[in-house]
Amino acid sequence: MTDQKPTTGRTRPAAPSLGLMGTLRFLWRQLTSMQTALILLMLLAIAAIPGSLYPQRNVNPGLTEQFLEQNGSWGEFLDSLGFFDVFSSPWFSAIYLLLFISLIGCIVPRVGVHLKQLRAKPPRTPAKLTRFVGYTRTELPGVDAEELLGRAHAQLRRSRYRTERLQERDSASVTAERGLLRESGNLLFHIALVGVLVCVAVGSLTSYRGQITVVEGAGFSNSLTQYDSFEPGGWFDPAELPEFRFTLEQFRAEYDTAPDSPTVGQPLSFEADVHVTTPGQEPFEQTLQVNKPLHVPGASMYLLGNGYAPEITLRDPEGTVVAEGPVITVPTGDMGYTSQLVIKAPDARPEQTAVVGYFLPTGVIDEKGPHSVFPALVDPQIAVTVHQGDLGLDEGVPRNVYEVDISQLEPLTGEDGNPVLIRLAPGEAIDLPDGSTLSFDGIRRYAAFDVAHNPFEPWLLGSALAAVAGLILSLFVPRRRMWVRVRETGGTTVMEVAGLARSQDPSLEDDVHSLVQRLSSSIDHPRGEPGAATTDDAAPDPTPGGRSS
């Protein structure tokens, strides 16, 4: 036999089922709440952090591949999560779209409510003003109540209040309201934030960005084949590239040369002189600097980087020129502008040839190897080796023009069997052991430019400025209500004044007393007779946002 607990006879009511529509309405209310919007905005900011910490493929694909090679499985794991394509990843797009929907769902009903408030009259005067901020009761003998009420109405109107005169059972009052601009600013901020999101999204689809490298004396024509790399938006047609061309006349760089300066060798300025031609306009010249771009219809060109392009001529053993002209070198990142130099000569005979080494603006060779100690052309030279074999250019696989795999090539050696290290200054040449000839003919500078266009940039700027303006209004415009009630009692006019703030408004009480003072001072009273203002100190002030009755 088992013990049984006695029952009380009362059963707990089952929770009502929301049903499908109820569940959907509940989820919609949660999504469109201000709390959810703030959480999504914070998540969007957090999700954007990897985009600034890790290289992005659409900005610098070369640096992205280098990061993947250096980090192995860790880099592959990050790549699988989309950390190198953050702003086009599914998880970033999901947060972006949810924030967009949340803001719209929050804004639309609030706009309707606010429009009704703008058209509505100020709220009626509460029956008991003693509960409100700054309540003041003043007795004014021999004063006409109607005249006093008219003065109160005029004073509040001059202070930019929305006012209405009300006739009550045994009194009359003026109800006034000000500060609806606060809610207007709040809505403007949220609408402008939606505008920012739209402009960013649509701008990324309709924009394009490309990188080019131009040597002094050479030119560029804005066509797809002229770009080193090109990233169009999903809705951009490369056939719509604007027509313009320019020639890089000269590139100038200035460095700190003070011997005792702690910043010796650091760049002071970069300037690129270009000659620009656009359809329908006269050719013009402009000097580009960092953060001082060139603007033409449909495109903006920014100065990004620069370097040296030594002019080198390579002849194979048969005397045929297989490489000639300026060679763009890639700075290795040191302060002296030591730059990697690569020349590929697939047409050389009897074997394909590669020249690999460094260009040194102020060159030295010591225990550290070949390197430059200063970025300017103080003692320019090249330090290279020559390799021969199959360069792998006939396999149909894209190759980096600035890199070559010398592990599959044979170095050109001297009589001692060691690889030949070639060190040349401008104007010098050398005959190699296999009969080839290498000459260092001169030096030019090159500049790297970023060409981009986003048709929604002006709209994005306007939305951002509107958001700032709306935020200022919502923070600094106080919303408040004020009431003035007058009644005649036995030949004495009693005036009551009070206010209510919808948010923190420390100056409201002083403004109420100031209004009382102005109204009282406009009437002459014999000194010592009743007419002074009295404040009901026993009446507690309501909390901001209190409801009037």
Side-chain angles (χ1 to χ4, degrees), residues 117-185 473 476-527 529-537 539 541-542 544-549:
Q117 289 178 339
L118 292 176
R119 293 193 299 266
K121 297 178 180 179
R124 295 186 62 85
T125 306
K128 296 181 179 180
L129 295 180
T130 56
R131 302 183 297 116
F132 295 98
V133 177
Y135 171 74
T136 304
R137 181 179 182 275
T138 307
E139 295 182 1
L140 302 170
V143 175
D144 183 70
E146 186 66 23
E147 180 184 356
L148 180 61
L149 195 67
R151 292 178 181 178
H153 183 267
Q155 287 281 353
L156 291 170
R157 293 286 292 180
R158 281 196 292 270
S159 298
R160 300 188 303 278
Y161 282 87
R162 299 165 62 238
T163 60
E164 184 181 12
R165 296 179 62 165
L166 302 175
Q167 188 64 43
E168 301 170 346
R169 184 174 56 183
D170 57 350
S171 62
S173 65
V174 174
T175 176
E177 184 178 31
R178 188 176 74 178
L180 290 178
L181 196 60
R182 182 188 185 93
E183 178 65 10
S184 300
L473 291 175
F476 296 103
V477 174
R479 185 175 178 183
R480 56 168 62 165
R481 294 170 182 172
M482 293 186 72
W483 299 282
V484 178
R485 172 179 283 126
V486 295
R487 63 166 58 89
E488 291 185 352
T489 304
T492 299
T493 298
V494 178
M495 179 179 66
E496 296 178 290
V497 183
L500 172 67
R502 297 295 300 273
S503 60
Q504 293 296 330
D505 189 356
S507 63
L508 176 59
E509 185 170 2
D510 292 338
D511 289 348
V512 171
H513 295 160
S514 176
L515 176 62
V516 173
Q517 182 67 27
R518 290 197 303 270
L519 293 176
S520 300
S521 63
S522 63
I523 302 172
D524 295 331
H525 300 284
R527 186 176 301 273
E529 292 188 2
T534 60
T535 303
D536 189 353
D537 295 330
D541 289 343
R547 187 177 61 180
S548 59
S549 58

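Closest approach of Met495 and Ser520 over heavy atoms only: CE-OG, 4.1 Å. A pairwise comparison of heavy atoms in Phe132 and Gly499 identifies CB-O, 3.3 Å as the closest pair. A pairwise comparison of heavy atoms in Asp511 and Arg480 identifies OD2-NH1, 2.7 Å as the closest pair. The heavy-atom pair separating Thr125 from Ser173 by the smallest distance is OG1-OG, 2.9 Å. Scanning both residues, Ala127 and Arg485, for their nearest heavy atoms gives O-NH1, 3.5 Å. Between Arg182 and Pro478 the shortest heavy-atom distance is NH1-CA, 4.0 Å.
Proximity of a side-chain donor or acceptor of Thr493 to a complementary backbone N or O of Val143 within less than 3.5 Å is detected.
Evaluation of the side-chain contact (heavy atoms from CB on, under 4.5 Å) rule for Glu147 yields Asp144, Arg151 as partners, not counting sequence neighbours. Taking Arg162 as the reference, Pro122, Glu177, Leu180 meet the side-chain contact (heavy atoms from CB on, under 4.5 Å) condition, with sequence neighbours excluded. Take Arg157 and apply the salt bridge (Lys or Arg N to Asp or Glu O under 4.0 Å) test, not counting sequence neighbours, and it matches no residue. Evaluation of the side chain to side chain donor-acceptor pair (under 3.5 Å) rule for Glu183 yields Arg110 as partners, not counting sequence neighbours. Remark: Arg169 pairs with no residue by the side-chain contact (heavy atoms from CB on, under 4.5 Å) rule, at least two apart or across chains. For Arg160, the side-chain contact (heavy atoms from CB on, under 4.5 Å) criterion is met by Arg178, not counting sequence neighbours.
With rounding to the nearest 0.5 Å, the separation of CZ in Arg479 from CG in Asp505 is 12.5 Å. Separating the OG atom in Ser171 from the CG atom in Leu166 is a distance of 9.5 Å, to the nearest 0.5 Å. The structure places OG1 of Thr175 at 11.5 Å from NZ of Lys121, a figure rounded to the nearest 0.5 Å. The CD atom of Gln517 sits 9.5 Å away from atom OG1 of Thr138, with the distance rounded to the nearest 0.5 Å.
When each of Leu156, Val497, Leu500 is tested with Trp483 by the rule side chain to side chain contact (heavy atoms under 4.5 Å, CB included), just one qualifies, namely Leu500.
Salt bridge absent: Glu168 and Arg124 never bring a charged side-chain N and a carboxylate O closer than 4.0 Å.
Within the 4.5 Å cutoff, side-chain heavy atoms of Arg518 are placed close to those of Ser159.
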